[in-house]
Protein chains: 2
Amino acid sequence: MSLSKFNGLELPASADFHVHLRDGAMMETVVPTIKKGGVNTVYVMPNLVPPVTSSSDAMAYQARLRAIDPSINYLMTLYLHPSITPAVIRGAKAQGIVGVKSCKFPNPNHAQLPKHALSTNSIANTSNFPDPAGVTTNSSSGVISYEPFYPVFTAMEKCGMVLNLHGECPSDHDKNITILNAESSFLPTLKSLHEKFPNLKIVLEHCTTKEAVEAVKSCGPNVVGTITAHHLFLTVDDWADDAFCFCKPVAKWPSDRTALIHAALSGTGKFFLGSDSAPHPISSKKGGTGKTAAGVFTQANVTSLILDAFELAIERKLIKEEDVTKEILEGLLSGYGREFYGVKDLSGEKIVLRKGEEKIQELITGKEGVEVVPFRRGMGTWSVEWK
Amino acid sequence: MSLSKFNGLELPASADFHVHLRDGAMMETVVPTIKKGGVNTVYVMPNLVPPVTSSSDAMAYQARLRAIDPSINYLMTLYLHPSITPAVIRGAKAQGIVGVKSCKFPNPNHAQLPKHALSTNSIANTSNFPDPAGVTTNSSSGVISYEPFYPVFTAMEKCGMVLNLHGECPSDHDKNITILNAESSFLPTLKSLHEKFPNLKIVLEHCTTKEAVEAVKSCGPNVVGTITAHHLFLTVDDWADDAFCFCKPVAKWPSDRTALIHAALSGTGKFFLGSDSAPHPISSKKGGTGKTAAGVFTQANVTSLILDAFELAIERKLIKEEDVTKEILEGLLSGYGREFYGVKDLSGEKIVLRKGEEKIQELITGKEGVEVVPFRRGMGTWSVEWK
């Protein structure tokens with residue numbers, strides 16, 4: 001137990017800056033796992049079916065979430081879409097909406113997923129999804145052009161809303177772009193946006209590559225990156241034959257995983273937790289003969305998985321025990337994100353970490369037969385208790 | 001229909017130099033699909049559970065296959081294993097066994113697969129599988145050492161048996177080796193074996209990379225490569241979320257796919273068809289919450305899929321219609337392989353290709369509830385009739 005020094009450690013409640021909470025019966029199943037994971041503040045992604053593109057949709061969604069657990073601070077977002085205008089931005093800011101999420105652009109190969117069950121990171125999962133018309137790939141440079149949204153970004157810059165980027169290019173086999181280099185191919189677009197909007201707060205969500213880490217570092221303080229719990233464990237070897245380890249952006253090389261671990265421990269405030277916990281019913285993962293929905297579910301163990309990941313990294317000699325300090329852990333799990341977003345934790349709630357016999361659940365079940373398989377099911381982890 | 005010139009084309013029966021025919025009910029389901037695919041000669045891989053490691057096992061297996069369809073020429077192989085000795089080789093040659101297959105070395109991450117249902121390319125799929133003791137990775141150079149088997153290879157060289165290599169290194173995250181570069185990492189081992197045994201016929205099975213194609217080309221005439229039908233279609237984007245497109249070695253980059261298409265059309269005799277058609281019941285692909293068995297099933301459409309692949313490549317402007325000649329097609333589908341293995345087609349059987357309304361089956365069903373999902377199910381393909 002390489003981080004035994006943290007046994008009994010008291011931390012501020014974690015803040016998870018990238019969550020998928022879905023709707024309906026799945027939402028009712030997933031929301032109770034937020035506090036199980038030691039989290040009291042969540043940044044709620046808007047890719048419901050249909051997606052959240054108006055303030056009223058966002059507020060209604062927030063109300064549905066609060067009805068399940070009112071003790072959680074739900075930070076709401078809008079889904080970047082042609083219907084989003086500068087006026088919508090100003091109205092959203094007034095309502096307390098925090099940011100706008102740009103999801104991955106359509107993958108023409110992606111099969112249609114059943115509407116009733118889920119939303120995914122891909123906006124091409126249902127024919128009802130609007131195409132972000134006007135966002136095109138500039139074919140000579142490979143940079144995705146967000147030009148139609150520049151007035152929106154200007155408004156966001158002015159009123160202090162955050163732009164959350166799922167940073168991947170669409171696959172383009174003529175350019176040898178696949179899911180393996182979709183993220184690194186996106187980085188010129190990130191830099192271009194940052195140059196055009198230097199005062200716009202931008203989050204490169206769920207970084208999965210060494211290149212993305214370097215790109216975020218090379219940008220000014222308004223550009224940060226979130227890191228998931230699962231990408232600290234996974235490489236391509238893990239998800240190739242395991243649907244429950246498959247998500248987008250896909251986990252890649254051991255060297256990428258190492259870069260993410262180091263970024264998570266960098267202590268600079270540039271990287272913090274955004275779990276991208278993405279629940280899917282087993283049927284969407286394994287059922288029938290259809291495609292596998294992308295998403296790894298970690299919500300119930302977000303805090304403890306981070307500890308587990310660092311312990312594994314110490315065992316693998318990628319880092320040393322002394323690289324993991326209380327200050328860095330606190331920053332990664334809540335401080336840096338709260339600082340970036342300007343979201344204080346008024347509750348003052350504290351969690352206590354202990355390493356004992358705790359195991360990750362085999363299965364999470366809910367109403368209407370909802371069944372979700374958590375990441376690293378059945379494996380030992382830290383216990384997280386509310387003080 | 002870019003290869004309309006081949007409508008009505010008569011060819012010798014195809015020869016598939018890499019097939020998995022399993023045993024029991026699955027074997028009874030799969031063997032009838034061999035001739036459906038226009039094939040009358042198959043090179044039968046030995047990775048049953050337990051694997052075929054003796055001549056008597058191989059002959060008994062051949063008898064079971066002949067009982068289902070005696071009109072097919074089943075070329076039998078042994079599974080490379082410590083129990084294989086020079087004496088075993090000489091005895092096998094006398095029995096008409098053609099080659100010895102070296103499967104992929106154990107992946108410590110690979111979960112145990114149910115014995116009753118299947119065999120896979122990984123020899124680590126059951127605790128009953130013997131470890132190829134003595135085959136280790138030379139850690140300083142990364143070359144897998146086959147040294148314990150050198151006497152066997154010498155005997156094979158002498159009596160003209162063929163060595164079939166599943167050419168992938170085990171994953172090694174300290175060396176940044178994953179399933180994405182396992183094949184390219186193996187190529188020094190291939191070259192080393194060829195240098196030590198220049199008269200040994202070696203087949204690098206199911207090449208999936210540009211590097212493998214180049215490596216085979218750079219070796220003498222005793223080293224050839226087989227190419228599957230599915231790797232002419234697939235990239236990583238296809239199998240990430242589709243269990244029925246997932247196999248080992250994994251499909252990789254568009255540039256790799258292009259290199260394979262060009263290798264298949266090279267007309268040099270260095271590359272020929274080895275489908276690696278690998279049937280699995282749906283339950284092994286999608287069932288429960290376990291790992292996904294690796295393997296793509298193409299046996300029923302092996303010949304027509306090759307035509308489809310070239311037509312797609314013409315549409316994508318990777319090749320020209322005139323690059324696909326009757327001579328090259330004949331060589332790829334049967335001639336080059338028969339030449340390399342010294343296996344004449346005494347039947348003189350012919351197949352006729354036509355492009356019409358033929359579609360690949362949605363599902364292949366057999367006894368005891370066996371269900372196999374074929375590659376490109378439901379899609380249009382060429383019809384293949386026996387003259």
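Within every chain, numbering begins at 1; the chains are lettered A, B, ... in the order of the sequence lines, protein sequences first and strands thereafter.
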Engineer: Return yes if some donor-acceptor pair links the side-chain N/O of A:Asp237 with the main-chain N/O of B:Ser171 below 3.5 Å, else return no.
Structural biologist: no
Engineer: Which of the residues A:Leu180, A:Val373, A:Asp242 is involved in the greatest number of heavy-atom pairs with chain B at under 4.5 angstrom?
Structural biologist: A:Leu180
Engineer: Under the rule for ring pair (Phe, Tyr, Trp, His ring centres under 6.0 Å), what residues qualify as partners of A:Phe375, not counting sequence neighbours?
Structural biologist: A:Phe233
Engineer: Does B:Lys210, at its NZ atom, have more than 12 non-hydrogen atoms belonging to other residues, nucleotides or ligands within less than 6.0 Å?
Structural biologist: no
Engineer: Any donor and acceptor pair, going by atom type alone, linking the side chain of A:Lys291 with main-chain N or O of B:Ala243 inside 3.5 Å?
Structural biologist: no
Engineer: Heavy-atom count check: over 12 atoms from other residues, nucleotides or ligands less than 6.0 Å from B:Glu358 CD?
Structural biologist: yes
Engineer: What part of A:Lys285 lies closer than 4.5 angstrom to a heavy atom of chain B: side chain, backbone, both or neither?
Structural biologist: backbone
Engineer: Go through the atoms of B:Asn181 and report whether side chain, backbone, both or neither lie under 4.5 Å from a heavy atom of chain A.
Structural biologist: both
Engineer: Verify the distance criterion only: is there a donor paired with an acceptor across the side chains of B:His173 and A:Arg316 at less than 3.5 Å?
Structural biologist: no
Engineer: Calculate, to the nearest 0.5 Å, the distance between atoms OG1 and CD1 belonging to B:Thr235 and A:Ile179 respectively.
Structural biologist: 7.5 Å
Engineer: A:Ile282 versus chain B, heavy atoms under 4.5 Å apart: side chain, backbone, both or neither?
Structural biologist: side chain
Engineer: Just verifying a value: how many Å separate B:Thr258 OG1 and A:Asp174 CG, rounded to the nearest 0.5 Å?
Structural biologist: 9.0 Å
Engineer: Heavy-atom distances under 4.5 Å only: say whether B:Val236 touches chain A with side chain, backbone, both or neither.
Structural biologist: both
Engineer: Could you go step by step and tell me if B:Arg377 and A:Thr289 meet the side-chain contact (heavy atoms from CB on, under 4.5 Å) rule?
Structural biologist: CA-CA 11 Å; B:Arg377 65 190 182 279; A:Thr289 56; 3.6 Å; yes
Engineer: Please examine the side chains of B:Lys252 and A:Thr178, heavy atoms only from C-beta on, and report whether any two atoms are closer than 4.5 Å.
Structural biologist: no
Engineer: Counting only heavy atoms from other residues, nucleotides and ligands, does the tally under 6.0 Å from CD of A:Glu214 exceed 12?
Structural biologist: yes
